[in-house]
*Asks:* 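Starting off with a structure, shown below.
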Amino acid sequence: MDIKVANLHFTYPTGVEALRGIELKVPAQSRVAIVGANGSGKTTLVKHFNGLLRPTTGTIHIGDWKTSDYRLSQLARRVGYVFQNPDEQLFKPSVRQELTFGPTNLGFSSEQIQARVDQALELLELKHLAEEHPADCSFPWRKRIAFASVVSMDTPIIVLDEPTTGQDARSVRLFGHVVDTLHQAGKTVIAISHDIEFVADHFDRVVVMYQGQVLLDGTPAEVFQQEDLLERSLVHPPQLARLAHRLQLGQVVTNPEDFIEALANEQTAQRGKD
Ligand SMILES: Nc1ncnc2c1ncn2[C@@H]1O[C@H](COP(=O)(O)OP(=O)(O)OP(=O)(O)O)[C@@H](O)[C@H]1O
């Protein structure tokens, strides 16, 4: 299901002009990371996708739905939103009930609900906590529960706001695996993230925001070579990309395999010159 944002402006009641003319098209089954400095408008933008915020001017289409024509509860069928702070999201007395709430509200049959809840518990490795109260779990686990409670809704689009904050390396790897699995299942995953290695490893497209506008939009390789513009938006390319740049390897690399290949190519080229 495509997302189309046209000339989106949003001003908070306080007068802060948070979005200033956003144009964005996200085709179905995309993996898009939104990066940028604090206050650049990332959260304000994604909150428009599921109707948590409504445009001051401009339009958003989710598939054939213009969001301004639909209620929040209707948009929840198409866009699942995982809050940055899980405590804004979790309110049920057990993890299982938390995961059951969304699909129940969407009107799935009890068998479908059971299947979705079991899949989400399995995918996010939460089975052992199914009967626990979310409030008794630590912050990283509450974030994981919040993530699972949106996965269980089985929406075609999932938005993650800073998913890896506070997570250890193992959980970051798991979250990356979940992003890849959702993508393979045909879903669009959009993540706001300051974790640039996570972005480089699991997303095909990077949108850089700056002062309420889209500053850069492209593949990780295209975006990470724009060092000057990234500097302005306080985004640091992944360490490997910076190292490759310092070594003048002549291409943008974001993973170890590409780095080794680029280094080997460079050495071969050097030997050819000697
Ligand atoms: N509820 C609000 N009321 C008034 N102004 C707000 C509100 N939420 C955000 N803002 C302002 O809108 C601008 C964009 O904020 P937003 O949270 O969208 O940025 P962000 O890029 O997501 O930042 P962060 O990385 O810190 O989450 C900022 O100037 C922020 O102070």
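We use all heavy atoms of the structure for the numbers below, so side chains are in, but hydrogens, waters and symmetry mates are not. Just follow the structure's listing: the first ligand is 1, and inside any ligand the first atom is 1. Sequence positions, counted from 1, serve as the residue numbers for this chain.
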*Asks:* Which atom pair, heavy atoms only, marks the closest approach of Ala37 to His194?
*Replies:* C-CE1, 4.5 Å
*Asks:* What residue and atom, counting heavy atoms only, is the protein's closest point to atom 26 (O) of ligand 1, and at what distance?
*Replies:*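 Scanning the protein heavy atoms, the shortest distance from atom 26 (O) of ligand 1 goes to Asn38 ND2, 3.0 Å.
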*Asks:* Between His202 and Asp180, do the side chains contain an N or O donor and an N or O acceptor separated by less than 3.5 Å?
*Replies:* yes
*Asks:* Numbering the atoms of ligand 1 from 1, which are under 4.0 Å from a heavy atom of Ala18?
*Replies:*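 In order of numbering, the contacting atoms are 12 (O), 13 (C), 14 (C).
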*Asks:* Kindly assign one of parallel, tilted or perpendicular to the pair Tyr81 and Phe83, based on the angle between their ring planes and the thresholds 30° and 60°.
*Replies:* perpendicular
*Asks:* Short list, please: which atoms of ligand 1 are under 4.0 Å from a heavy atom of Ser40?
*Replies:* 19 (O), 20 (P), 21 (O)
*Asks:* With heavy atoms only and a cut-off of under 4.0 Å, state how Met209 meets ligand 1: side chain, backbone, both or neither.
*Replies:* neither
*Asks:* Under 4.0 Å from a heavy atom of Ala37: which atoms of ligand 1 are those, numbered in the order shown and with their elements?
*Replies:* 21 (O)
*Asks:* In this structure, is the centre-to-centre distance between the rings of Phe175 and Phe198 below 6.0 Å?
*Replies:* no
*Asks:* At what distance is the nearest protein heavy atom to atom 12 (O) of ligand 1, and which residue and atom is it?
*Replies:*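 Sorting protein heavy atoms by distance from atom 12 (O) of ligand 1 puts Tyr12 CE1, 3.4 Å first.
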*Asks:* Decide whether an N or O pair under 3.5 Å exists between Thr43 and ligand 1.
*Replies:* yes
*Asks:* Would you say Val16 and ligand 1 have an N/O pair spaced under 3.5 Å apart?
*Replies:*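 Between Val16 and ligand 1 (N or O atoms, distance only) the closest approach is not under 3.5 Å.
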*Asks:* Parallel, tilted or perpendicular: which describes the rings of Trp65 and Tyr70, with under 30° parallel and over 60° perpendicular?
*Replies:*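 Aromatic pair Trp65/Tyr70 classed parallel.
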*Asks:* Looking only at heavy atoms of His194, does any of them come nearer than 4.0 Å to an atom of ligand 1?
*Replies:* yes
*Asks:* In the protein, what heavy atom is nearest to atom 25 (O) of ligand 1, and what distance, to one decimal place, separates them?
*Replies:* Lys42 NZ, 2.8 Å
*Asks:* Measuring from atom CZ of Arg116 to atom CG of Asp118, what distance do you get when rounded to the nearest 0.5 angstrom?
*Replies:* 12.0 Å
*Asks:* Considering the heavy atoms of Thr44, write down every atom of ligand 1 situated less than 4.0 Å from one of them.
*Replies:* 14 (C), 15 (O), 16 (P), 18 (O)
*Asks:* Write out the residue and atom name of the closest protein heavy atom to atom 14 (C) of ligand 1, then the distance separating them to 0.1 Å.
*Replies:*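 Result: Gly39 O, 3.4 Å.
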*Asks:* If we ignore angles and hydrogens, is there a donor and acceptor under 3.5 Å between the side chains of Thr268 and Asn265?
*Replies:*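 The answer is no; no qualifying pair exists.
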*Asks:* Output yes when a protein non-hydrogen atom is found under 4.0 Å of atom 2 (C) of ligand 1, and no otherwise.
*Replies:* yes
*Asks:* Going by heavy atoms, is Gly41 under 4.0 Å from ligand 1?
*Replies:*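 The answer is yes: ligand 1 sits under 4.0 Å from a heavy atom of Gly41.
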*Asks:* Do you see a donor-acceptor pair shorter than 3.5 Å between the side chains of Gln112 and Ser109?
*Replies:* yes
*Asks:* Any heavy-atom pair between the side chains of Val214 and Ile22 that's under 4.5 Å?
*Replies:* yes
